[in-house]
Amino acid sequence: MKVLVLGGGGREHALVAKLRQDDPQVTIYAIPGNPGIARIAECVALPLADLKTIVDFALEKEIDWTFVGGEELLSQGIVDLFSNHQLRIFGPTQAAAQIETSKRFAKELMNRYQIPTARYQCFRVDEPYQAYLKKQTPPYVIKADGLAKGKGVIIAESLEEAVLACDRLLISHSCVVIEEYLSGIEFSLMALVHKDRVIPLEIAQDYKRARDNDQGPNTGGMGAYSPVPLIPKRIVKAAVNSIMIPVVKALSAENIPFTGVLYGGLMWTKTGVKVIEFNARFGDPETEVVLPRMKTKLIPTLEKLFSKVPIRLRFSHDVTVGVVLASPGYPGLIQTGIPINLPVADPYCFHMGTKMSSDGLITAGGRVAILVAKDKTLADARREAYLKVSNIPDNPCVYRKDIAKNL
């Protein structure tokens, strides 16, 4: 078995670690990978932007399965290209990936098929978004229509801030989505999907704001934990039945069937579960806390998914807590190239933005790594995760101190 993983962040590191744990003999390539992945797989220095070169590599190596980490490749049609060459790849087509790559598409789809979500309105730069905002009640949720690397959502507390957010996002995006602010308990539900088959994974909860007590700007995620004790199993089941399955059926009805990981960013409100957003791939950092709990082997599960064989996933009863280390200034202006001493032997230290230099490991991104702990209770897993963080000598990174606190 030969497997290719496309990407070089924490999500991809966790995926490679899962594949390696499932089968120590499997051959795993990662493009481009990272120094953490390089310890358990072969990293290949090819540019992700060159889709043809990636396809040629997969053909040359006779890759059996390819996993797409990030959304940019999906938006560029990597799945369509692989499929045209009869290469097996787990991810949605360019058209189906619009569920993530276009907030407008996703909202309009949910509206047509009565999938519960926040009220919204879309505006282009020449349309009266200022007048619309004046009629709404703060806080305002402003979303960019298009890829924004996890930073395309702004929660504005005042009208002035909301108008500025729209002005800024409309410089680089065709339109913005202005949404009703939802209150409740947020959680992430990922599912393995092929056409109309939906196999949910265990849920997680992530922390999007940069600083403690949910202060500061939105980020790609500053930590996560799984499972989520605040969300009853009946609510998860309701979310699968009222949201995940209906949206997959909606995509099929639109003649753009979905294959891959469907990520539902959901909120349990007083009036039921509603959609905050959809992603078309493994979440980050949720993958880093969900896959370590997954006891069922991943690739055999996908084989069953494609061949319509019944699937029963098994997850450990352990709790996982992950704390993200970020470069100072993240998600704004950051400094990289700083030496960092991550624990080499820790199988749950997933690299997110690192590279090797002549002086050793250095930081190379906004988010640098996520340290995950696995234990019997939430309190023990949390204590262990922060102990791992405190044991990093001369740690140059910043991190939230309240991941999985007071639950």
Using a strict 4.0 Å threshold on nitrogen-to-oxygen distance, state whether [X] and [Y] make a salt bridge.
X	Y	answer
Glu384	Lys374	no
Asp346	Lys388	yes
Glu186	Lys274	no
Asp22	Arg20	no
Lys376	Asp380	no
Asp284	Arg367	yes

[X] versus [Y], closest heavy-atom pair with distance:
X	Y	result
Arg104	Asp145	N-OD1, 3.0 Å
Cys166	Ile142	SG-CG2, 3.7 Å
Glu157	Pro138	O-CB, 3.5 Å
Gln130	Val163	CG-CG1, 4.1 Å
Thr296	Thr301	CG2-OG1, 3.3 Å
Ala239	Phe187	CB-CZ, 4.3 Å

Notebook entry, point to check: Does the side-chain contact (heavy atoms from CB on, under 4.5 Å) test come out yes or no for Glu161 and Ser158, once each step is laid out?
Noted result: CA-CA 5 Å; Glu161 188 182 348; Ser158 68; 3.3 Å; yes
Item checked: Test log, rule side-chain contact (heavy atoms from CB on, under 4.5 Å), inputs Ile178 and Tyr120 -> CA-CA 6 Å; Ile178 301 174; Tyr120 75 99; over 6 Å; no
Please say whether more than 12 non-hydrogen atoms of neighbouring residues, nucleotides or ligands are located less than 6.0 Å from [atom1] in [X].
X	atom1	value
Lys355	NZ	no
Gln335	CD	no
Lys237	NZ	no
Arg112	CZ	yes
Tyr181	OH	no

Between [X] and [Y], is any pair of side-chain heavy atoms under 4.5 Å apart?
X	Y	answer
Phe315	Leu201	yes
Thr354	Val368	yes
Gln76	Leu51	yes
Asn218	Arg209	yes
Leu305	Leu302	yes
Leu325	Ile370	no
Ile311	Arg197	yes
Arg293	Pro227	yes

Backbone N or O of [Y] within a donor-acceptor pair of the [X] side chain at under 3.5 Å?
X	Y	answer
His13	Gly9	no
Thr336	Thr363	no
Arg281	Gly69	no
Asp23	Gln25	yes

Next item on the list: Would you please indicate yes or no on a ring centroid separation below 6.0 angstrom for Phe306 and Trp65?
Entry: yes
Notebook entry, point to check: Taking the six-membered ring where the residue is Trp, are the ring centres of Phe57 and Tyr29 under 6.0 Å apart?
Noted result: yes
Margin query: Apply side-chain hydrogen bond (donor to acceptor under 3.5 Å, both in side chains) to residues Tyr113 and Glu254 and explain how you reach the verdict.
Written below: CA-CA 11 Å; Tyr113 291 88; Glu254 299 280 322; 2.7 Å; yes
Item checked: Among Glu100, Glu277, Glu286, the one residue meeting side chain to side chain donor-acceptor pair (under 3.5 Å) with Tyr263 -> Glu286
Next item on the list: Find out whether the Lys NZ or Arg CZ of Lys401 is both under 6.0 angstrom from the six-membered ring centre of Tyr399 and within 45° of the ring's axis.
Entry: yes
Atom pair [atom1]/[atom2] of [X] and [Y] - distance to nearest 0.5 Å:
X	Y	atom1	atom2	result
Gln21	Leu298	CD	CG	11.5 Å
Ile185	Ile235	CD1	CD1	9.0 Å
Leu73	Glu71	CG	CD	9.0 Å
Ser327	Leu333	OG	CG	12.0 Å
Ile99	Ile256	CD1	CD1	8.0 Å
Leu291	Leu19	CG	CG	8.5 Å

Next item on the list: Please assess Lys107 against Thr117 for the test side-chain hydrogen bond (donor to acceptor under 3.5 Å, both in side chains), listing each intermediate value before the final yes or no.
Entry: CA-CA 8 Å; Lys107 296 296 282 192; Thr117 187; 2.8 Å; yes
Next item on the list: Given salt bridge (charged side-chain N to carboxylate O under 4.0 Å, His left out), test Arg124 with Asp126 step by step and report yes or no.
Entry: CA-CA 6 Å; Arg124 298 186 184 278; Asp126 57 347; over 6 Å; no
Margin query: My understanding is that only one of Arg400, Lys405, Lys208 makes a salt bridge (Lys or Arg N to Asp or Glu O under 4.0 Å) with Asp214; could you say which?
Written below: Arg400
Checklist line | Audit row: Lys143, Glu179, salt bridge (charged side-chain N to carboxylate O under 4.0 Å, His left out) steps and yes/no | finding: CA-CA 8 Å; Lys143 295 182 178 181; Glu179 283 189 3; 3.1 Å; yes
Margin query: Ignoring hydrogens and geometry beyond distance, is a side-chain donor-acceptor pair present between Asp80 and Thr93 at under 3.5 Å?
Written below: no
Margin query: Run the side-chain hydrogen bond (donor to acceptor under 3.5 Å, both in side chains) test on Asp402 and Tyr207 for me, step by step, so that the C-alpha distance in whole Å, both residues' side-chain angles and the decisive distance to 0.1 Å come before the verdict.
Written below: CA-CA 9 Å; Asp402 62 346; Tyr207 290 72; over 6 Å; no
Checklist line | Evaluation steps, side-chain contact (heavy atoms from CB on, under 4.5 Å), between Gln94 and Leu74 | finding: CA-CA 6 Å; Gln94 187 177 39; Leu74 297 174; over 6 Å; no
Check: Step by step, would you call Tyr225 with Gln205 a side-chain hydrogen bond (donor to acceptor under 3.5 Å, both in side chains)?
Finding: CA-CA 6 Å; Tyr225 66 95; Gln205 187 175 75; 2.6 Å; yes
Next item on the list: Test Arg168 against Ile154 for side-chain contact (heavy atoms from CB on, under 4.5 Å), laying out the working first.
Entry: CA-CA 11 Å; Arg168 181 168 65 81; Ile154 298 170; 2.8 Å; yes
